[in-house]
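Written out below as structure tokens is the structure these notes cover.
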Amino acid sequence: MLHIYCPYCGENRDQDEFKAKGEAHISRPLDPMGCTDQQWGDYMFFRKNPRGVHHEMWYHVAGCRKFFNMTRDTVTYRIYETYKMGEQPSVTAESLAGGQS
Amino acid sequence: MSTVSSKKSASRKVAQSNRLTRGGRINRNKPLKFSYNGKTYEGFEGDTLASALLANGVDIIGRSFKYSRPRGIFAAGAEEPNAIMQLGATEATQIPNVRATQQELFDGLVSNSVNGWPNADTDLMSYIGKAGGKMMPPGFYYKTFMYPESMWMTYEKYIRKAAGLGRAPAEWDPDTYDKMNHHCDVLVVGAGPAGLMAALTAARAGARVIIADEQQEFGGSLLHSADTIGGLPAAEWVKGIVTELQRYEDVLLLSRATVNGYHDHNFLTIHERRTDHLTDRAPLNMSRQRMHKVRAEWVILATGAHERPLVYANNDVPGNMLASAVSTYIRRYGVVPGNKLVLMTTNDDAYQTALDWKLAGRDVVAIVDTRANPTGALIEEARKLGIRLIPGSAVIDVEGGKRVHGAVCCSIDATGSKVTSGKEVLTCDTIASSGGWSPVVHLSCHTGSRPVWNDEIIGFVPGAAKEQRLCAGAVHGVYGLGKVLEDGVNAAQQAVAALKLNQPEVELPSTFEPVKSPAMALFYVPHVKPVSRAPKQFVDLQNDVTAGGIALATREGFESIEHVKRYTAMGFGTDQGKLGNINGMAIAAMTMGKTIAETGTTIFRPNYTPVTFGAVAGRDAGHLFDVKRFTAMHKWHVEQGAEFEDVGQWKRPWYYPKAGESMHDAVNRESKAVRDSVGILDASTLGKIDIQGPGAREFLNRIYTNAWAKLDVGKCRYGLMCHEDGMVFDDGVTSCLGDNHFLMTTTTGGAAGVMEWLELWHQTEWPELEVYFTSVTDHWSTLTISGPNSRKLLAELTSDIDLDKDTFKFMDWRAGTVAGVPARVFRISFTGELSYEINVQANYGLHVWEKLFEHGAKYNLTPYGTETMHVLRAEKGFIIVGQDTDGSVTPFDLNMGWAVGKNKPFSFLGQRGMQREDCVRDNRKQLVGLKCSDSSVVLPEGAQLVDNPKHPVPVPMLGHVTSSYYSPNLGHGVAMALIKGGLSRMGDKVYAPLRDGRVIEAEICSSVFLDPKGERQNV
Ligand SMILES: [Zn+2]
């Protein structure tokens, strides 16, 4: 069971309190009606499934009811960081590969 | 011969014949009676079931899984493969899969062997087993059961019966179980020498420590050790350490507590057996077992090592045992499990067993050492005692069936790969073997860390740590008492440093370290015949896996060790490869000409030893299994004899049967009462979300498919919610309470999901809208009165709400007072009748409900439940989301295009999705009504519909019935169905072929069966 730091509550809590909501940073097209079926399909259905570093959205459903983002390794389950909605990750697959963080 | 005297003489003969008169950690003043396979025996306080059985000379404790060979107790702890028992004095207290070696004896314990069929001593399966063992060769699951499929049931019946799986109790578990959550700085797993020193060091540093051990006493191997520590006998030294640990407030000591699972982020589960050693059923007010859920900053694994048996022919005959187990029985329990011992060893450690046996006053026939020139302190001691030593040799085969009669001894070459001499048969009844030690790496494997082969210690050690994990002692190959103690301190010091605590003073106690010669790596004892033709040489006793079976698997092309495991079943089940895995890997490697490091090992999974379901469930059982939600009027419904239905977690009145009424009668009466006069529904379970803020109206515009820009204060509107794919997922009425204030209602089951949906869009996409959501479902009671007399009834209870039909119109709401209580009254209708939904603060709900009945008697005010609600809404063609929709239905499919805004400036959720190519094609499934040609027939819900029931299979499907009821108001069945192109097929006949052979004919019609113009609600 993961131990997750909620960036709003400012505490580590058990995974039980959270719900995983899939890939983070998917923004809704600003002009949906201007999208082709393919563009709309990409937005709705297509998700990354990386082996390694991934950015995910989580929901503190049994806590503060806030959505937030997490950078997590899908192999080791290591959580690199959690950050608030609207913020950008400071750890990425590229930054780790490049030795920066 | 009288029964009494025969019993007496029998009991005198077998009574603890193997018990020594002195020694061991048992209390000879406290005899305990127990039964095994229906026979009564006696043991002592401090015994395990296994030690008590051995004391009584019980040789056979079960039959093996595949070959049905007699088996005896082999080990003394968690690694025991054979002595798997069924416990329980009553049906309700049955427990399967208990290792006799881990079950403490108590007075009245009832045990049975599980895998004897028909019993352990005479077993039918042994004839099948002896018939060549061909019935179940390795891979038999894959081979035998591929064909013919019809025989599966036959095979399974007998295999299950013979397989020794035990059985679950057929009655409710009378005991309670609980769970506890902990956080700690350091969790020490295992309270042997390494674990105790680690815990002591961490405790002295002021860390919050939990130390858990599976045994009833702390000490691990020290409980049967001949060593001294700091000048004290080992067990005495343990007592001192435990006493100090108990003094610390922040140290929790858990005995009889197995750390069974090591999960992500240092989360570990500990299964504590609190009363299993006391009685069959837990004492009153005490939970039987407890699951500790621990989140540890640091974990120190001090799980020690299991001795590895040697693999030789017929090494499963009762009387073959692990060398260290024999020592444990002698030293800890005062039990010598035989008279004449042959010890076979690859190392010095096992010599202690021969010494213990000799000192117990019994005969050591010989020590067979696989090494050509063993030297060392223990070897000298054995020589001094006059024990015969046969170096450079091995026991290659065993004579005997139900008990060992002889050990077949031959010389072997220096690598242990072939037999180099003729045989000598050593007459004996016990063969103890030791192939060295296998570190207990199970828990470290749970974290995904693959064990690494270490040639020096001839074993696998934990791989690199995936968590904040340290190891201490034998678990990572550190042997020798002094080194183990030091290693425990070292591990704790690392944790203490990482925790930024001050290093405490810890003195290492003195120990005596005998000089030892190197061990020999031997995983398979050669026979004069090759592996494939030698008598059975067992690797995994629990799963009946032989060296020949593993060789066969590799010959058949299974080269990955994971495949070999699955093909042979090695390490399966409750055993989890504790004894056999390393030998098995080595034999696989040997037959493939590889090294062990190259083939690697399989991974061990949780749980380390079996856990009861009770401990997993804890208190979440019976009436506490799930949350139940009740409305404020629940008591009234119960008093009126309502039948209830579960809607999500809610208990909702289903119908209110009067004396002698069937459900059908009750629903017909309730349905007619509403349409004829007035009925009342407890609608409090509807989801209610209070929405406030300057952005509230715009937010509704984006969330709902229809327009909200112009909804005035005092007005209500029905809306559909769609996901981005354009499919309906909830519906409900939202009312404008103020310019920036709305009350949204959702379906009963969908409330939580809608709340999350609103938060999701607000927090992630539209944070610029200032809007706040509050769940108020439980704050309000909703009392719906419906029917032509509802206005008259309401008028009697309110003086400040103008009910005039032209001022308080359909889809209006008013605030005022009802029955003396502040109320919001919504004129909305889910029945098609004149209806008012009266919302009052929940704690007034019952009061208003009862007032309505006081005044309603003269109108025949009738309570109705969810079933009548469904009938009435179906008569009107109103949908239930989740019943008439299934996540693949757009508003247009529901013929509810009127609820989709055409000119909304913001592209609302679902708008683009419902315009996708597939969503706008013809011939989509559409919601229509169905009327059966035979008016007395009610279609079953879920029935599939076809155009031509005589069409050869496969018959093209049109769709299915989503809702169907008998309408007492119309005198015929009413149904709704999703049918391909249904909206343009009005008047067509379709058919529902049923399972019982009937074919029901129905006509597609409008889904609005009653009052299509809506006149009844506009009065
Ligand atoms: Zn939070």
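Numbers restart at 1 for each chain; the letters A, B, ... are given by sequence-line order, proteins then strands. Worth knowing before you read on, the calculation uses all heavy atoms, side chains too, and leaves out hydrogens, waters and symmetry mates.
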Could you state the interatomic distance from [atom1] ([X]) to [atom2] ([Y]), rounded to the nearest 0.5 Å?
X         : Y         : atom1 : atom2 : result
Leu909(B) : Arg28(A)  : CG    : CZ    : 5.0 Å
Phe267(B) : Leu2(A)   : CZ    : CG    : 11.0 Å
Tyr77(A)  : Thr447(B) : OH    : OG1   : 12.5 Å

query: Checking side-chain contact (heavy atoms from CB on, under 4.5 Å) for the pair Thr764(B)/Met57(A): CA distance, chi angles, key distance, verdict?
result: CA-CA 10 Å; Thr764(B) 65; Met57(A) 184 161 73; 3.8 Å; yes

Please indicate whether [X] has more than 12 foreign heavy atoms, meaning atoms of other residues, nucleotides or ligands, lying under 6.0 Å from its [atom1].
X         : atom1 : value
Phe45(A)  : CZ    : yes
Gln38(A)  : CD    : no
Arg51(A)  : CZ    : no
Asn49(A)  : CG    : no
Asp626(B) : CG    : yes

Option that, when pairs with chain A are counted at under 4.5 Å, heavy atom only, ranks first among [options]:
options                                    : result
Lys466(B), Arg295(B), Glu917(B)            : Arg295(B)
Glu724(B), Glu765(B), His723(B), His263(B) : Glu724(B)
Met755(B), Glu467(B), Gln911(B)            : Gln911(B)

task = Would you mind checking which part of Leu30(A) comes under 4.5 Å of any heavy atom in chain B, side chain (CB onward), backbone (N, CA, C, O), both or neither?
result =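 Neither the backbone nor the side chain of Leu30(A) comes within 4.5 Å of chain B.
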
_Can you tell me which of Met44(A), Arg78(A), Met85(A) forms the most heavy-atom pairs within a distance under 4.5 Å of chain B?_
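Heavy-atom pair counts peak at Met44(A).
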
Where does Leu268(B) contact chain A at under 4.5 Å (heavy atoms): side chain, backbone, both or neither?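 For Leu268(B), there is no contact with chain A at all, as no heavy atom is under 4.5 Å.
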
> Salt bridge between Arg65(A) and Glu759(B), side-chain N to carboxylate O under 4.0 Å?
Replying inline: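 A salt bridge is present here (some side-chain N lies under 4.0 Å from a carboxylate O).
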
So does Lys21(A) pair up with Glu756(B), basic N to acidic O under 4.0 Å?
->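 Yes, charged N to carboxylate O under 4.0 Å.
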
Review point. Which of these, Arg916(B), Arg912(B), Gln915(B), sits in a side chain to side chain donor-acceptor pair (under 3.5 Å) with Asp37(A)?
Key: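 Going through the options one by one, the only one that passes is Arg912(B).
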
Q) Just wondering, do Lys293(B) and Asp14(A) contact through their side chains at under 4.5 Å, heavy atoms? A)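 Asp14(A) vs Lys293(B): side chains apart.
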
side-chain contact (heavy atoms from CB on, under 4.5 Å) evaluation trace for His265(B) with Ile79(A) | CA-CA 9 Å; His265(B) 297 185; Ile79(A) 297 171; 3.5 Å; yes

